[in-house]
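We use all heavy atoms of the structure for the numbers below, so side chains are in, but hydrogens, waters and symmetry mates are not. Counting convention: from 1, in listed order, for ligands and their atoms alike.
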Amino acid sequence: MKHKILVTGGTGYIGSHTAVELQNAGYEVIIIDNLSNSNESVINGIEKITGIRPIFEKLDCNDKDGVEKLFSEHPGIKGIIHFAASKAVGESVQKPLLYYRNNLLSLINLLELMPRFNVEAFVFSSSCTVYGQPDVLPVTENAPVKPALSPYGNTKQICEEIIRDTVYSGTPIKSILLRYFNPIGAHPSAEIGELPLGVPQNLIPFVTQTAAGIRKELSVFGNDYNTPDGSCIRDYINVVDLAKAHVIAVSRMLDEKMKNPVEIFNLGTGRGLSVLEIIRTFQEVTGMKVPYKIVGRREGDIEKVWADPEFANKELGWTAEESVADTLLSAWKWQQRIVSQG
Ligand code: UD1
């Protein structure tokens, strides 16, 4: 049995896929989640895929006493992958203090507790949002961090700084910051996937719900951008590929292969696709119609961003492998699964 890893936010979208890959790689997984944006039944999905039921506790990382108790009850945790955070850009503009409290305090609690329980490895869920609209594309890890466009984006930037300052203050903590581009798709088994509450804010769940007839039509936010077809461009990465990068990051830390105590990696494919290309590809691979209309731009949207993943490819020996066609198909399979389960 390999080491014990604590996954915060482990019943969420990326967290659950990462828990699967960690268990597949032999790690013992302990999940905590406050279930504010996910469901405990996700644990069943993880068990179905891997044959192992991870330890789960409903716990909020802002509850420092609770997290301390968890560390005491599960001695020997070697690393943390910290997903637990609020992540809706629009909501963060309405409720900035909620975002600052949730995202910053939970991080501070974990970092304060780590040395007391000899936990040294910390993987942080960051985002390409820290680059804003980059001046040069594809964007490398050396691109400047631009002023955040939302409190959500700002929390990611501040969290990165808090981690950096803490690591370089002489604690034994080391950290890998993973800057995700746009994670999409679901596990090929369709046992786990993205479960948005209410009206989806992100593109792919809206596309799949529209194809399923739950939404009348998709609004495409703007066709007057400076891109070949006028719609925004993003780097859509398969969520299982993304999850695998976390396993590599954890073992890189535990096997003492890091070159610096804080390392940053872009996790993307290197390929930019427009909103209209996504709709077209989805329709082609699924045979489903996605009615859509062009509406005005969404406030705060970036025109175009895609990753230069070369550093992650070389240093982590990791590459995003899944095609966007298969990834969209997995999202559709998952949508059908949700519908069939009511
Ligand atoms: C943003 C953030 C990302 C964050 C994520 C969380 C950036 C660059 N990215 O992703 O860091 O983790 O939010 O939610 O800041 N679209 C439509 N119609 C829709 C929904 C979306 O046309 O109904 C378009 C958007 O305008 C955008 C693309 O689809 O061009 C992707 O949007 P979305 O899935 O919301 O992700 P981002 O905004 O890129």
Side-chain angles (χ1 to χ4, degrees), residues 9 12-15 37 83-94 99 103 124-134 137-139 143 145-157 159-160 177-185 194-211 214-237 239 242 266-269 272-282 290-307 324 327-328 331:
Y13 176 43
I14 308 171
N37 194 26
F83 294 103
S86 302
K87 67 160 189 108
V89 176
E91 185 189 44
S92 79
V93 178
Q94 309 298 325
Y99 274 66
N103 295 4
F124 180 66
S125 228
S126 191
S127 166
C128 69
T129 196
V130 302
Y131 300 119
Q133 176 59 64
L137 287 167
V139 60
V145 166
K146 294 265 184 78
L149 293 173
S150 69
Y152 158 77
N154 207 19
T155 67
K156 290 295 171 194
Q157 296 190 3
C159 284
E160 286 198 358
L177 316 180
L178 299 176
R179 291 177 177 164
Y180 314 149
F181 283 68
N182 286 56
I184 62 164
E194 192 170 5
L195 260 182
L197 293 180
V199 181
Q201 304 298 311
N202 295 110
L203 179 63
I204 303 306
F206 210 108
V207 166
T208 59
Q209 289 196 8
T210 306
I214 299 166
R215 311 273 158 211
K216 196 167 127 269
E217 60 187 357
L218 168 75
S219 295
V220 172
F221 298 135
N223 69 346
D224 56 352
Y225 285 100
N226 182 24
T227 59
D229 65 23
S231 64
C232 290
I233 295 179
R234 297 285 184 274
D235 185 336
Y236 295 93
I237 173 169
V239 67
L242 188 74
N266 280 346
L267 297 182
T269 66
L273 287 174
S274 73
V275 176
L276 295 175
E277 282 173 313
I278 286 284
I279 298 171
R280 201 177 319 122
T281 311
F282 181 87
V290 180
Y292 70 88
K293 64 172 180 215
I294 309 287
V295 300
R297 294 180 175 196
R298 180 171 71 176
E299 206 187 328
D301 257 341
I302 283 155
E303 182 169 88
K304 50 190 168 209
V305 63
W306 62 94
V324 76
T327 303
L328 290 171

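Not a single heavy atom of Tyr131 sits under 4.0 Å from any atom of ligand 1. Not close to ligand 1: Ala88, with no non-hydrogen atom less than 4.0 angstrom away.
Residue, atom and distance of the protein heavy atom nearest to atom 37 (P) of ligand 1 are Asn182 ND2, 3.6 Å. Taking atom 34 (O) of ligand 1 as the reference point, the nearest protein heavy-atom neighbour is Leu203 N, 2.8 Å. At the top of the distance list for atom 27 (C) of ligand 1, counting protein heavy atoms only, stands Arg234 NH2, 3.8 Å.
Of the protein's heavy atoms, at least one falls inside 4.0 Å of atom 6 (C) of ligand 1.
For atom 20 (C) of ligand 1, the candidate residues are Phe181, Tyr236, Phe221, Phe206; the nearest heavy-atom contact is made by Phe221. Remark: among candidates Ile302, Ile14, Val89, the nearest residue to atom 13 (O) of ligand 1 is Val89, based on non-hydrogen atoms. Ranked by closest heavy atom to atom 11 (O) of ligand 1, the top entry among Ser219, Gly90, Ser274, Ser127 is Ser127.
Using a 4.5 Å heavy-atom threshold, the side chains of Glu303 and Tyr225 count as touching. Within the 4.5 Å cutoff, the side chain of Glu91 has heavy atoms near those of the Tyr99 side chain.
Within the 4.0 Å heavy-atom criterion, neither part of Tyr180 lies near ligand 1.
Taking a cutoff of 4.0 Å between a charged side-chain nitrogen and a carboxylate oxygen, Asp235 and Lys304 do not qualify as a salt bridge.
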